[in-house]
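See below for the structure under consideration.
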Protein chains: 2
Amino acid sequence: MKKNKDKELVGVKEIARRANVSIATVDRVIHNRTGVSVKTKDKINAIIEELNYQPNILARRLASKKILQFAALIPAVSEETDYWEAPLNGIIQAEAEIKPYGINIEKYFFDQNDRSSFVKQAETVLENNVQGVLLAPMFIEESKAFVEACQQRQIPYVFINSDIPNQNSLCYIGPHLYRSGYLGAHLVSFLVNSNDKVLVVNISKEIDTEHHVLRKEEGFRAYFADNKKNNEIIKTDIRETDYLSVKRNLIAVLKDHHIKAIFVTNSRVSFVAHYLQEANIKDIPLVGFDFLKENIGYLKSGVIDFLICQKPQEQGYRGIMALYNFLVHDSVVDKIYFMPIDIITKENYEFYRN
Amino acid sequence: MKKNKDKELVGVKEIARRANVSIATVDRVIHNRTGVSVKTKDKINAIIEELNYQPNILARRLASKKILQFAALIPAVSEETDYWEAPLNGIIQAEAEIKPYGINIEKYFFDQNDRSSFVKQAETVLENNVQGVLLAPMFIEESKAFVEACQQRQIPYVFINSDIPNQNSLCYIGPHLYRSGYLGAHLVSFLVNSNDKVLVVNISKEIDTEHHVLRKEEGFRAYFADNKKNNEIIKTDIRETDYLSVKRNLIAVLKDHHIKAIFVTNSRVSFVAHYLQEANIKDIPLVGFDFLKENIGYLKSGVIDFLICQKPQEQGYRGIMALYNFLVHDSVVDKIYFMPIDIITKENYEFYRN
DNA sequence: TTAAATAACGGTTACGTACCCGAAATAGAT
DNA sequence: ATCTATTTCGGGTACGTAACCGTTATTTAA
């Protein structure tokens, strides 16, 4: 079974010749359109199989003037957090890369704090008939409804940043939340002694539905349990995302407990850092998430010791490329692609790429 | 100055029409071939400028049957270390991605311990006239000679894994050695107390010329100096890369000094781990480099605490893509692309991509 | 002045695929 | 058997660019 390296320039023309039919007929079976008898269809398929025919993508995309339309349905960058700037940049990067090959990407932004804005944008996506969708399924039920509509229209869709299992998505690209919390605990354990009290801080308007926050905390606690560390773990939920609320809450908790390290389960860690700096508290190590500008600032100044990051930009990039590879090269894509769990410190942040 | 979004389908035909010349003439000035008067040439160039003409890559690569030949000149995977398997995989990955667009990559392997094998392979590259070269310039002088030959032939070349500055390479893609040693020291500092003795281990046949090893040690020491830590830093150079030599050396050093942590400056850290395990030494933390199978084994079992890694696979991938983007899309590429300095632990290694 | 060489350019085909349009073959209806 | 549908298929053009080859205009040499 030797490879036919140099012989791999078989095209529809050769297939047509061997099958004693015209190019048009071959084209019909390739795109399994109607108008071909079963007999010739089988014959042509056999030849395609035998020759291991690979369509020339260049010629294909050149000939078919149609350009593929992708939709990216993600949260808008808000004043609250510019986290979503990163995935957006990844999407833009992918767009630049595959635009020459006839792909266009339309972005649809919704408000993370407003379910209805998601629904509205989702409807717009369906109206502008697109061939592929990338979305951040933050609102579970609404997302389920949306992807069902996609399924009916045979539109493939990929999830990024958080997953909804068993929804027939083309794939999920994002973090393993539990394990990132687990790693967070590992890092914290470097910074405390046994029996030191540790504080977990959740800052989110919708803590109960935000699986991000919940699963990370779960992983965090699991680490201490698994490693038989008996540090006491205090926890505080802060449901208002403005600085003053965070501050008020922290003052109360730190007064009640002699905390030796703080773990913040999301990117709002900069609020905590802000408070620690303001209160001139220097002996409480701080670990949090995400490569945001403010967070990096506190990392540089030493207020934050570790940031855990999961390449949000690459998530956007890979999400688009998954659609592209599936639709254009029709290659198979991994159902789940967990992003690496990166550890950012003062010493390596300048080399990090989100 | 509004973008001409929908109007971006100007081709040579339109240019020819506006310039009152034939398509062929336009083609001549685009590829600045001879046979065009200065006057018409200028006119056509002006129109190209004005219309912001972007050649259609699909049509271009389809029409010009010529396929670009790239050469990858890297060390062979040896029994000593399979480090170079990773860059090779990255190269193969890039190859698969751009093969449909008419790029072929020939791999040339040399023996890291044999300069002459490098020279020989380099000559072969020059004979098989290629359009772009990716190389690991391990042997400085020989590499300089080679890239000079490339320059004469107008062949662009990129360095990976280690750099030789001021050699007009298209770019360098690889680690910042000094900073990775610096980070290594930071990690070690988590594992020791002040005044603990720390051991630096260099394992390499050519320590004096291996800037990898040297610059990392430099960065390592700098961290302790910068942070006013007065841990004593012992250092041992092991110039034989077999396990027994390493073991003998370690026994001697550990007997003379009361070492509290070990930092190995390259991927041979598994030898040290092997010894620590064999000797049943469990209280000496170990930090080293690279995501190799043996290293990961010791990371899992807890003998190695941290691995620092710089995505060798991605280095290969990006190196090829730099050539591709330069030659096919003629886009500008960054002169230097430092890889992120990744921290691998027991908790996140499964998600790491080399 | 004429032939020859060179410069400047146009016509045309080819690349591999998509798809329209019409022709031939077959089937069905009367 | 004749006529109309329908199925099945081939011819041909288009996509945007590359490059060969031939033609005309211009210059140089003899």
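As the structure is a computational prediction, the values presented were derived from the model and not from experiment. Chain letters run A, B, ... following the sequence lines, proteins first and then strands; every chain starts at 1.
- One atom, OH of B:Y101, and another, P of C:dG16, lie 17 Å apart when rounded to the nearest Å.
- One interatomic measurement links the two molecules: CG of A:D27 to P of C:dC21, which rounds to 16 Å at whole-angstrom precision.
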Run the side-chain donor-acceptor check on residues 142-154 of chain A: report pairs under 3.5 Å with partners two or more places apart or on a different chain.
residue	atom	partner	partner atom	Å
A:E142	OE2	A:R115	NE	3.0
A:S143	OG	A:F139	O	2.6
A:Q151	OE1	A:Y157	OH	3.4
A:R153	NH1	A:A149	O	3.3

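- Counting to the nearest Å, the C1' atom of C:dC15 and the CD atom of A:E14 are 16 Å from each other.
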Requested in this report: Just do the side chain to side chain contact (heavy atoms under 4.5 Å, CB included) check on B:I92 and B:K107 with the steps written out, would you?
Outcome: CA-CA 10 Å; B:I92 290 171; B:K107 295 109 192 163; 4.3 Å; yes
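- The closest side-chain donor-acceptor pair between B:Y83 and B:N354, if any, does not fall under 3.5 angstrom.
- A donor-acceptor pair under 3.5 Å is formed between the side chain of A:T124 and the backbone N or O of A:K120.
- Residue B:L58 contributes atom CG, which lies 15 Å from atom P of D:dC15 at whole-angstrom precision.
- Residue A:N56 is in sugar-phosphate contact alone, with no base atom involved, counting any heavy-atom pair closer than 4.0 Å across all strands shown.
- As a whole-Å value, the separation of B:H31 NE2 from D:dT17 C1' is 8 Å.
- A:L62 has its CG atom 13 Å from the P atom of C:dC19, to the nearest Å.
- Counted by atom type alone, B:Y108 and B:N128 present one or more donor-acceptor pairs between their side chains at under 3.5 Å.
- When the nucleotides D:dC15, C:dT17, D:dT17 are ranked by their closest atom to the side chain of A:R60, C:dT17 comes out on top.
- Partners of B:Y337 according to the ring pair (Phe, Tyr, Trp, His ring centres under 6.0 Å) rule, which considers only residues two or more places apart in sequence or in another chain, do not exist here.
- Residue A:V12 places its side chain closer to C:dT17 than to any other of C:dA18, D:dG16, C:dT17.
- Applying the ring pair (Phe, Tyr, Trp, His ring centres under 6.0 Å) test to A:F338 and every residue at least two apart in sequence or in another chain returns A:H176, B:F351.
- In this structure, B:R61 atom CZ and C:dG16 atom P are separated by 13 Å, rounded to whole Å.
- Side chain of B:Q121 to main chain of B:F109: a donor-acceptor pair is present (N/O by atom type, distance under 3.5 Å, no hydrogens or angles).
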Are any protein N/O atoms closer than 3.5 Å to N/O atoms in nucleotides 4-11 of chain D? If there are, list each pair with its distance.
residue	atom	partner	partner atom	Å
D:dC9	OP1	A:S37	OG	3.4
D:dC9	OP1	A:T40	OG1	3.3
D:dC9	OP2	A:S37	N	2.8
D:dC9	OP2	A:S37	OG	3.4
D:dC9	OP2	A:T40	OG1	2.9
D:dC9	N4	A:R28	NH2	3.1
D:dG10	OP2	A:S22	N	2.5
D:dG10	OP2	A:S22	OG	3.0
D:dG10	OP2	A:T25	OG1	2.7
D:dG10	O6	A:R28	NH2	2.4

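- With sequence neighbours excluded, the residues forming a ring pair (Phe, Tyr, Trp, His ring centres under 6.0 Å) with A:H329 are A:Y324, listed by chain and number.
- Which of C:dA18, D:dC15, C:dC15 sits closest to the side chain of A:K13 comes down to C:dC15.
- Atom-to-atom, CD1 of B:I44 to C1' of D:dT17 comes out at 15 Å; the value is rounded to the nearest Å.
- Overall, the helix from C:dT1-D:dA30 to C:dT30-D:dA1 carries an axis bend of 50° between its ends, with five pairs at each end and the value rounded to 10°.
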